[in-house]
**Q** 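Sharing a structure here in C-alpha cells format.
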Amino acid sequence: MPAAPKPEILAAFEAAKGFMPLGEGLALYEAAVEAGRLGLPLLEVGTYCGRSTILLADAAREAGVTAITVDHHRGSEEQQPGWEYHDPSTVDPEVGRMDTLPTFRRTLHKAGLEDQVVAIVGRSPQIAAFWQTPLGLVFIDGGHTDEHAGGDYEGWAPHVAEGGLLVIHDVFPDPADEFTGQAPYRVYLRALESGAFTEVSVTDSLRVLRRTGAGI
C-alpha cells in the first residue's frame with residue numbers, strides 16, 4: 001500500500017500557496033518516504049511558498065533525516081509581473097521584487113515542520129557548485145527554461161546516491177507546452193538516456209527515477 005501523509009499534513013499541503021496538484025503531491029510523498037530509508041537528506045530545487053516542501057519535510061521527519069530546499073525566492077520566469085502565474089501578494093513592497101521567503105517560512109510554521117527543513121537561499125548553480133553531501137532524493141522543480149532546468153540537473157543529479165531518487169516536475173511531452181514543461185521534459189529524457197537512471201513511476205507531470213548506474 002502506498003505511503004500516504006497524515007490528514008493534518010495533507011490539509012497543510014492543500015492550504016499552502018502553490019501549484020502542485022494533489023495527485024502529484026501524493027506521488028512525491030511516496031517517493032520521499034522511500035528515499036528517506038537511505039538515511040540521507042532529501043533536497044528540492046525550487047521552493048516557491050513551500051507547498052511541496054511540507055510533504056518532503058514530513059517524510060524526512062518520519063525517516064529521521066533533513067529536508068533541504070534551494071531557492072532564491074525571487075520567483076521563476078512565469079511568476080514575474082505580467083505573466084500567468086504571478087501573485088501580487090508575493091511582491092516585497094519595499095524593493096519592488098518578488099520575495100516568497102516570508103510566505104514559505106509561514107507555511108512551514110503553520111505545518112509544524114520548521115525543525116525538519118534547512119532552507120538555502122540562493123541560486124541553484126552557485127550552491128550546487130560547492131555541494132558535496134550525497135542525497136537520497138533530488139526534486140527538480142525550479143525554472144522552466146533549458147538554462148535553468150538543465151543547470152539544475154547538471155548541478156544536482158550527480159549527488160543522487162546509488163538507489164536514490166531523482167524526481168522531475170512539470171514534464172510535458174507536448175510541444176505545445178514549450179514554455180511550461182518542455183525543458184523539464186528534455187531533462188527527463190536526458191536522465192533516461194544517460195543510463196544512470198531508471199524510471200520508477202509517472203503521475204501526470206511528475207516523473208520519479210532511480211539511480212541505477214553511474215554518471216548523469
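All values reported here derive from a predicted model rather than from experimental measurement. Residue numbers count from 1 along this sequence.
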**Q** Tell me whether the rings of His159 and Trp131 are parallel (<30°), tilted (30 to 60°) or perpendicular (>60°).
**A**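 If you compare the ring of His159 with that of Trp131, the planes turn out perpendicular.
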
**Q** Output the distance between atom CD (Gln182) and atom CG (Asp170), rounded to the nearest 0.5 Å.
**A**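 Result: 12.0 Å between the selected atoms.
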
**Q** Nearest 0.5 Å, what's the CG-CD distance between Leu56 and Gln116?
**A**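 The distance works out to 12.0 Å.
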
**Q** Side chains of Thr133 and Leu40, heavy atoms from C-beta outward: is any pair under 4.5 Å?
**A**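 Thr133 does not reach Leu40 side chain to side chain.
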
**Q** Would you confirm whether Arg210, through its side chain, and Gly164, through its main-chain N or O, come within 3.5 Å as a donor-acceptor pair?
**A**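 Not at all, since once roles are kept as given, no pair shorter than 3.5 Å links the two residues.
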
**Q** Checking the side chain of Arg61 only, and the main-chain atoms of Leu113 only, is there a donor and an acceptor separated by less than 3.5 Å?
**A**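 Not a single qualifying donor-acceptor pair exists.
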
**Q** With no hydrogens and no angle check, is any side-chain donor or acceptor of His148 less than 3.5 Å from a backbone partner on Asp146?
**A**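 Looks like no, no N/O pair under 3.5 Å.
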
**Q** Are Val45 and Val65 linked, directly or through intermediate hydrophobic residues, by side-chain heavy-atom contacts shorter than 4.5 Å (ILVMFWY only)?
**A**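 They do not share one cluster, since no chain of ILVMFWY contacts under 4.5 Å joins Val65 to Val45.
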
**Q** Side chains of Leu10 and Leu26, heavy atoms from C-beta outward: is any pair under 4.5 Å?
**A**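 Counting from C-beta outward, Leu10 and Leu26 do come under 4.5 Å.
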
**Q** Step by step, work out the side-chain contact (heavy atoms from CB on, under 4.5 Å) result for Glu30 and Thr203.
**A** CA-CA 11 Å; Glu30 185 177 356; Thr203 305; over 6 Å; no

**Q** Can you name the nearest heavy-atom pair linking Ala63 to Gly36, along with the distance?
**A**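 Closest approach of Ala63 to Gly36: CB-O, 3.5 Å.
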
**Q** Between Ala161 and Pro134, which heavy-atom pair has the shortest distance, and what is it?
**A**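 Looks like CB-CB, 4.4 Å.
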
**Q** Could you pull out the closest heavy-atom pair between Met20 and Arg51, with the gap in Å?
**A**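 Taking Met20 first and Arg51 second, the nearest heavy atoms are O-NE, 2.8 Å.
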
**Q** Are side-chain heavy atoms of Leu209 and Ile168 found at a separation under 4.5 Å?
**A**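 Yes, their side chains come closer than 4.5 Å.
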
**Q** Would you mind reporting whether Asp204 and Pro21 have side-chain heavy atoms less than 4.5 Å apart?
**A**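 A side-chain contact is absent here, since even the closest heavy-atom pair is not under 4.5 Å.
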
**Q** Phe104 and side-chain contact (heavy atoms from CB on, under 4.5 Å): which partner among Asp71, Asp99, Val117?
**A**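 Testing Phe104 for a side-chain contact (heavy atoms from CB on, under 4.5 Å) against Asp71, Asp99, Val117 leaves exactly one candidate, Val117.
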
**Q** Quick check: does any side chain N or O of Glu44 sit under 3.5 Å from a backbone N or O of Ile140, one acting as donor and the other as acceptor?
**A**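 Side chain of Glu44 to backbone of Ile140: no pair is present.
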
**Q** Could you tell me the separation between the CD atom of Glu114 and the CZ atom of Arg106, rounded to the nearest 0.5 Å?
**A**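 Reported value, rounded in 0.5 Å steps: 11.5 Å.
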
**Q** Would Phe139 and Thr69 count as a side-chain contact (heavy atoms from CB on, under 4.5 Å) if you check the C-alpha gap in whole Å, the side-chain angles of each, and the deciding distance to 0.1 Å?
**A** CA-CA 9 Å; Phe139 176 39; Thr69 70; over 6 Å; no

**Q** Just checking Tyr48 against Phe19, ring centres under 6.0 Å apart?
**A**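 Yes - the distance between ring centres of Tyr48 and Phe19 falls below the 6.0 Å cut-off.
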
**Q** Taking all atoms of both residues into account, what is the closest heavy-atom pair of Ser124 and Val70, and its distance?
**A**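 It is CA-CG1, 4.0 Å.
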
**Q** I need the Tyr188 OH to Glu199 CD distance, nearest 0.5 Å.
**A**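 Result: 3.5 Å between the selected atoms.
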
**Q** Show your reasoning for whether side-chain hydrogen bond (donor to acceptor under 3.5 Å, both in side chains) applies to Thr198 and Thr212.
**A** CA-CA 6 Å; Thr198 303; Thr212 52; 2.8 Å; yes

**Q** Measure across Ala16 and Ile54 and return the closest heavy-atom pair with its distance rounded to 0.1 Å.
**A**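 Smallest heavy-atom distance, with atoms named: CB-CD1, 4.0 Å.
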
**Q** Are Ile68 and Val121 connected, step by step, through hydrophobic side chains (Ile, Leu, Val, Met, Phe, Trp, Tyr) whose heavy atoms are closer than 4.5 Å?
**A**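 Not linked; separate clusters.
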
**Q** Is atom CZ of Arg105 surrounded by more than 12 heavy atoms (other residues, nucleotides or ligands) closer than 6.0 Å?
**A**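 Count not over threshold, so no.
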
**Q** Which value, rounded to the nearest 0.5 Å, describes the distance between Ile120 atom CD1 and His73 atom NE2?
**A**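 Spacing of CD1 (Ile120) from NE2 (His73) equals 10.5 Å.
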
**Q** Using the rule that Ile, Leu, Val, Met, Phe, Trp and Tyr join whenever any side-chain heavy atoms are under 4.5 Å apart, tell me whether Val171 and Leu137 fall into a single cluster.
**A**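 No: no chain of side-chain contacts under 4.5 Å links Val171 to Leu137.
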
**Q** Using the rule given for side-chain contact (heavy atoms from CB on, under 4.5 Å), can you reason through Glu62 versus Asp58, listing the C-alpha separation, both sets of side-chain angles and the distance that settles it, and then say yes or no?
**A** CA-CA 6 Å; Glu62 294 297 317; Asp58 186 62; 4.3 Å; yes

**Q** Run the side-chain hydrogen bond (donor to acceptor under 3.5 Å, both in side chains) test against Thr66 and tell me which residues pass, sequence neighbours left out.
**A**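 Here no residue qualifies.
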
**Q** Does any N or O in the side chain of Glu14 come within less than 3.5 Å of the main-chain N or O of Leu22, such that one atom is a donor and the other an acceptor?
**A**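 No; judged by distance alone, with no hydrogens or angles, the pair does not exist.
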
**Q** Who pairs with Arg211 by side-chain hydrogen bond (donor to acceptor under 3.5 Å, both in side chains), at least two apart in sequence or on another chain?
**A**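 Applying side-chain hydrogen bond (donor to acceptor under 3.5 Å, both in side chains) to Arg211 gives none.
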
**Q** Hydrophobic clusters here meaning ILVMFWY residues chained together by side-chain heavy-atom distances under 4.5 Å, can you tell me if Leu43 and Leu165 are in one?
**A**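 Cluster IDs for Leu43 and Leu165 differ.
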
**Q** Would you mind reporting whether His144 and Pro184 have side-chain heavy atoms less than 4.5 Å apart?
**A**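 Pro184 reaches His144 side chain to side chain.
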
**Q** At what distance, to the nearest 0.5 angstrom, does CG of Asp152 lie from CZ of Arg123?
**A**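 That separation rounds to 11.5 Å.
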
**Q** Hydrophobic clustering (ILVMFWY, side-chain heavy atoms < 4.5 Å, transitive) - are Val187 and Val167 grouped together?
**A**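 Looking at the clustering, Val187 is in a separate group from Val167.
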
**Q** Return the minimal non-hydrogen interatomic distance between Leu166 and Ala191, and the atom names on each side.
**A**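 Nearest heavy atoms, Leu166 then Ala191: CD2-CB, 4.1 Å.
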
